[in-house]
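Written below as structure tokens is the structure these notes are about.
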Amino acid sequence: FGSRPLLEQPNLNQSIHQLPVLHFPKQPMAKFTALLASLTTLVAANAEERSGFLSDVYSGKVPKSKLEVVLAQHEEDIAWSKPLSAVRTVYCKGSHCDADAIRLPNVGREGHTFLHHIVNNYDSLSDWTVFSQAAAPTEGYYGHKHGGGHLLSGSSIDDYLAHHHETKGQDDSFFLMSSKVHLATLQHALRSSFKVSDGAKVPQISHAAAVCPKEQGSKEVEDVWGDYHNMPMLKSFLEKKCGVEASALSAAMLSFWEDFVQLPLPENEVVYYAQGARFAVSRERLQQRSKAYYQALLDGVSGDVDPCLNYLYEMSWYYVTGMPSVAPCSTSQEDLTRADASSARFLDDGVSGVSNGEDGEPTPVELVTVTVVMEMTADDLAEFQNNETKQEQLKESFANSLDGVEASWVSLEIQVDGSDRRLQATTTSVTIVYVITFPEDASVSTADVVAATNADSFKNTLAGEILESTGLTVVVSSASGVASTETVTSTTTTTYSQPAESSCTRSSIAGLLVTLLAALLP
């Protein structure tokens with residue numbers, strides 16, 4: 001998958017060709033002023049056209065054959081969507097369904113609902129279908145039953161409704177990507193414009209069609225990708241939901257891609273997705289896949305209320321709704337490098353990641369895992385959890401506390417009561433798990449680092465370094481380090497031939513349910 005060519009970006013090609021022919025004066029400033037005036041006129045015209053289309057949508061003048069909004073409802077309040085009644089189709093699985101809702105058995109979550117709609121309307125799909133969970137589309141997501149409707153800051157449901165019309169059908173889908181994941185390790189990176197706590201200040205997306213953020217910039221003020229992070233509840237989720245051995249993680253994810261998505265692996269094995277499963281797709285794109293293909297996916301989530309497989313579908317909607325030939329966002333070598341470095345966090349659970357060795361060759365990796373319990377105020381804890389700059393300072397403070405250790409070797413995860421649940425107002429302590437991955441030319445040994453982190457003086461040293469770098473006074477209650485040496489086997493991106501659709505059957509899905517890992521979404 002390569003990055004999308006420039007002139008295929010939403011509206012850009014159209015906008016260039018709509019510019020009026022201008023006879024510029026010779027003076028450079030006059031030329032610039034005339035061009036600026038032309039662009040301003042064009043922007044105003046596009047805004048007026050968008051407003052007119054949306055007015056027709058909300059007044060019931062646009063038929064479902066042109067636009068349809070599919071809502072997956074359980075017990076959510078759907079009053080917000082009543083102005084869209086003319087184009088709305090509600091599938092309800094709860095006990096309080098509107099009279100015009102289509103009732104479905106309570107299985108498979110939203111993945112079942114979306115696939116049911118595609119399969120049962122395959123030959124009469126709308127020109128443009130918006131798929132969404134039924135909760136009101138508001139900014140961010142703060143945790144189960146804690147609020148947030150999965151929108152990026154600065155976006156609205158209108159962006160999904162109008163996109164196909166605005167691009168004159170040139171774009172066959174619309175996803176506002178809020179996350180990216182490295183398939184082999186499930187390391188996640190979050191978009192900075194996606195709120196994870198109520199009241200947090202985050203940058204807004206640059207424009208309504210900003211499918212992807214910038215690659216670089218300040219996370220506090222610009223819409224960019226954040227760093228890759230581990231999923232702290234991964235082990236318990238595997239055991240309870242999917243019954244997957246941690247050592248099978250990498251192979252299971254790549255098998256899912258081959259058997260279910262049935263596309264070549266994306267560049268650097270990095271997948272982009274929209275948290276909350278809200279997206280829009282054209283009829284032409286949906287029909288790039290056969291009805292039988294969608295039926296096979298539907299069968300996979302039809303036997304359980306909350307199937308493991310549904311979480312993988314949420315990561316894959318861009319890829320399974322049609323046959324996209326390009327990645328939605330540009331990827332870089334940094335994606336692979338960062339994922340490689342963070343994959344070490346899985347190794348203490350026996351999970352193979354991606355190494356820099358020759359393909360198939362075992363590579364030893366020396367690790368030290370240090371568990372630190374710190375006490376501070378709840379406000380300070382919340383700031384650390386939601387501020388990546390503060391987390392970088394925690395890495396630097398930790399490295400500065402140990403002779404010979406560099407901050408670039410260190411990764412961390414912040415846990416509350418052993419999980420990644422959101423901080424509460426009464427929270428006053430936090431566990432930080434640091435993982436040091438030693439390069440081959442490290443001048444310090446793992447034994448020396450373990451000895452240092454278990455020394456009584458280390459707690460005070462670390463607290464002092466944190467005070468110096470962040471200005472915050474903390475109490476380090478305990479700290480302990482353990483060394484390990486893991487052997488990993490490198491993997492390479494493989495281009496799979498297109499499997500026959502019959503391989504994606506109910507029986508193959510059922511068989512993989514015990515080997516597939518669901519992505520842990522916040």
Side-chain angles (χ1 to χ4, degrees), residues 190 196-197 199-201 218-220 226-233 341-342 344-345 347-348 366-439 442-484:
L190 192 66
V196 294
S197 62
K201 293 182 179 180
S218 169
K219 301 176 184 65
E220 283 70 36
D227 294 328
Y228 283 98
H229 290 288
N230 191 13
M231 308 299 287
M233 295 179 68
S342 59
R345 300 177 204 170
L347 297 179
D348 58 348
E366 289 190 315
L367 306 171
V368 169
T369 302
V370 183
T371 303
V372 176
V373 178
M374 295 196 301
E375 296 177 3
M376 61 180 85
T377 68
D379 288 342
D380 290 340
L381 283 175
E383 183 178 7
F384 270 107
Q385 189 178 51
N386 299 315
N387 189 321
E388 292 187 359
T389 299
K390 292 290 187 184
Q391 293 186 23
E392 289 300 316
Q393 291 173 346
L394 281 179
K395 292 182 185 179
E396 293 171 3
S397 301
F398 179 77
N400 291 339
S401 303
L402 297 165
D403 292 336
V405 173
E406 298 182 13
S408 60
W409 306 354
V410 180
S411 62
L412 65 80
E413 62 185 59
I414 298 177
Q415 301 179 353
V416 181
D417 294 338
S419 72
D420 68 344
R421 68 179 177 82
R422 301 299 169 203
L423 298 167
Q424 307 299 313
T426 56
T427 302
T428 57
S429 68
V430 64
T431 299
I432 301 180
V433 179
Y434 293 94
V435 176
I436 310 169
T437 305
F438 288 77
S443 60
V444 62
S445 69
T446 56
D448 289 341
V449 171
V450 169
T453 58
N454 286 287
D456 290 339
S457 59
F458 177 72
K459 293 183 291 186
N460 292 333
T461 301
L462 178 58
E465 290 290 346
I466 292 174
L467 175 62
E468 183 174 341
S469 63
T470 68
L472 294 176
T473 301
V474 302
V475 176
V476 178
S477 303
S478 63
S480 60
V482 178
S484 63

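- Residues N400 and E468 are not in side-chain contact: their nearest non-hydrogen atoms beyond the backbone lie 4.5 Å or more apart.
- You'll find the side chain of Y434 reaches within 4.5 Å of the side chain of L394, heavy atoms only.
- A search for side-chain contact (heavy atoms from CB on, under 4.5 Å) contacts involving A407 returns E396, A399, not counting sequence neighbours.
- Contact detail for W409 and G404: the closest heavy-atom pair is CH2-O, 3.2 Å.
- Atom NZ of K395 is separated from atom OG of S408 by 9.5 Å, given to the nearest 0.5 angstrom.
- Scanning for side-chain contact (heavy atoms from CB on, under 4.5 Å) contacts around N454 gives V450, S480, with sequence neighbours left out.
- For the atom pair L462 CG and M374 CE, the distance stands at 6.5 Å (nearest 0.5 Å).
- Atom OG of residue S397 and atom CG of residue L467 lie 9.5 Å apart, to the nearest 0.5 angstrom.
- Counting only heavy atoms from C-beta outward, the side chains of I432 and F398 never approach each other to under 4.5 Å.
- Closest non-hydrogen pair, F458 versus A452, comes out as CB-O, 3.2 Å.
- Between the CG atom in L367 and the OG atom in S411 there is a gap of 9.0 Å [rounded to 0.5 Å].
- Contacts of V449 classified as side-chain contact (heavy atoms from CB on, under 4.5 Å), with partners at least two apart in sequence or in another chain: V368, L402, V405, I436, F438, V444, T453.
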